[in-house]
2 protein chains.
Amino acid sequence: MALAHAIMTALIDDDLSGYELSRDFEASMGFFWHASHQQIYQELHKLAEKSFLNNREVSQSGKPNKIVYGLTKAGRDALAEWVYDTTKNQNAKDELVIKLYNLSEENASHLAAEIDARRQDMMQRLYTFEKLRVKHYNEPQLLPTRSKGVYLALIRGLGQGQQFLAWCDEALELIATVSGKSK
Amino acid sequence: MALAHAIMTALIDDDLSGYELSRDFEASMGFFWHASHQQIYQELHKLAEKSFLNNREVSQSGKPNKIVYGLTKAGRDALAEWVYDTTKNQNAKDELVIKLYNLSEENASHLAAEIDARRQDMMQRLYTFEKLRVKHYNEPQLLPTRSKGVYLALIRGLGQGQQFLAWCDEALELIATVSGKSK
DNA sequence: AAAATCATGTAATTTGTTACATGATTAG
DNA sequence: CTAATCATGTAACAAATTACATGATTTT
């Protein structure tokens, strides 16, 4: 049931269409939640049926019309209640690390390449997040309450990301010591 | 398909029963993968059917018999190949952070309590992992190749965990500045 | 003309969770 | 005698992924 609440959370400040959601979702909450557009569209329908969301069609010039969703009072209430539910998932699933348990002379260079690729993705993402932090969240104590929460999410992502970069460097260094038989 | 490979990875060195797997899994690879016993039993059956695993019943005195699974040659080969597949999921799903986006005067103390609880779980886990690192992985350069990979997984977990603890401290501090109306 | 982006969806399949079920043994 | 641990499973349901589908517009 958590995707529903993640979506509603994304709609607290702005009304968004499914397309916009699936685009922005990844950019803003991507560190903590991922969902495909198919999932998002289906969840939006369900939430609208429960009348946690309302929707209206917006015509756009030059682009197809979009269906924009917004939180209803009932949706806001449900979201506020949900915060008190017991939290379950700190759902860790990282294939790459499992692959590392299988490190060998043969696959070392492949794994190094995979780590390097992910390292670069992370650099990209961190750059965006860091800009955001500097611009809007430089004095966390002075922020309004809810923004403090958003700030904490932001630095959670940044911290995780920086830690990941440091780990990548160490990993690449150690893997380099594995006598790589070129395959 | 990744659970299958996580299970096979856990069986590289030791033959284990489903029960042992679901117990040890959490302890060793829990940072990177979680699976319930129901899932594990089902996956074991599937893997045995594909003959990636073999199994034998072991009688135990005083305890019910257990069915112990081991990797076959075919299983080892499939695992080795899988390492070259493109990696997808760095499946991040963290409800607690999503909840933080909903921080308010009212729920601040609840969220602080949740963070504190998770902080303590992590301390516990880190303690175990740190002992392991000191005992067996103090000189990573000298390890045999595969152990280097295991070491990298280990320090990935440790690094993540330590970063999490630091974040918890910062989060608790900031949330404390939210004027908590007692609810 | 082809490729990319905008925009929304359905269907089939695979994964994962929750609930239920059984039965023995050991520790308090 | 009660709870906990050992040990293995089935069934129903929810969530997520993959594949397929459509059609307009904008950029190369």
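Chain identifiers are assigned alphabetically (A, B, ...) following the order of the sequence lines, protein sequences preceding nucleic acid strands; residue numbering begins at 1 within each chain.
Between B:Y41 and the phosphate of D:dG9, there is no side-chain N or O to OP1/OP2 separation shorter than 4.0 Å. Taking 4.0 angstrom as the limit, B:Y19 places none of its side-chain polar atoms (N or O) nearer than this to OP1 or OP2 of D:dT8. Taking side-chain N and O atoms only, A:K93 has a distance below 4.0 Å to OP1 or OP2 of C:dG16.
The B:Q39 side chain lies nearest to C:dT17 when the options are C:dT17, C:dA19, D:dT17. Counting only heavy atoms from C-beta on, A:Q42 has its side chain closest to C:dT10 among D:dT8, C:dG16, C:dT10. For B:S17, the side-chain atoms get nearest to D:dT8 when compared with the rest of D:dA15, D:dG9, D:dT8. Here C:dA19 is the nucleotide among D:dT8, C:dG9, C:dA19 with the atom lying nearest to any side-chain atom of B:Q38. Closest to the side chain of B:M1, out of C:dG9, C:dT15, D:dA15, is C:dT15.
Distance NE2 (A:H45) to P (C:dT8): 9 Å, rounded to an integer number of Å. The CG-P distance, from B:N91 to D:dT17, rounds to 6 Å in whole Å. Put simply, CD on B:E95 is 13 Å from C1' on D:dA15, counting in whole angstrom units. Protein atom CD1 of A:I67 is 17 Å distant from nucleotide atom P of C:dC6, rounded to whole Å. For A:L21 and C:dA7, the CG to C1' distance is 13 Å, given to the nearest whole Å. The CG atom of B:L16 sits 14 Å away from the C1' atom of D:dA7 (whole-angstrom rounding). For the pair A:H34 NE2 and D:dT18 C1', the computed distance is 13 Å after rounding to whole Å. Put simply, CG on B:D24 is 15 Å from P on D:dT5, counting in whole angstrom units.
More than 12 heavy atoms of other residues, nucleotides or ligands shown are found within 6.0 angstrom of CD on A:Q162.
Using a 4.0 Å heavy-atom cutoff across all strands shown, B:H37 reaches at least one base atom of the nucleic acid.
Figure legend: cation-pi geometry between A:R156 and A:F32 absent, as NZ or CZ is not positioned both under 6.0 Å from the six-membered ring centre and within 45° of its axis.
Judged purely by distance below 3.5 Å, without hydrogens or angles, the side chains of B:H110 and B:E114 pair a donor atom with an acceptor atom. Residues A:T87 and B:E95 have side chains that never bring a donor and an acceptor to within less than 3.5 angstrom of each other.
Nearest-nucleotide positions on DNA chain D place B:G18 closer to the 5' end than the other of B:G18 and A:S36. Sequence order on DNA chain D of the closest nucleotides to B:K88 and B:R23 puts B:R23 first from the 5' end.
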Next item on the list: Using the ring-ring contact (aromatic ring centres under 6.0 Å, His included) rule, take A:Y41 and A:Y19 through it: C-alpha gap first, then chi angles, then the decisive distance, then the call.
Entry: CA-CA 8 Å; A:Y41 282 116; A:Y19 191 80; 8.0 Å; no
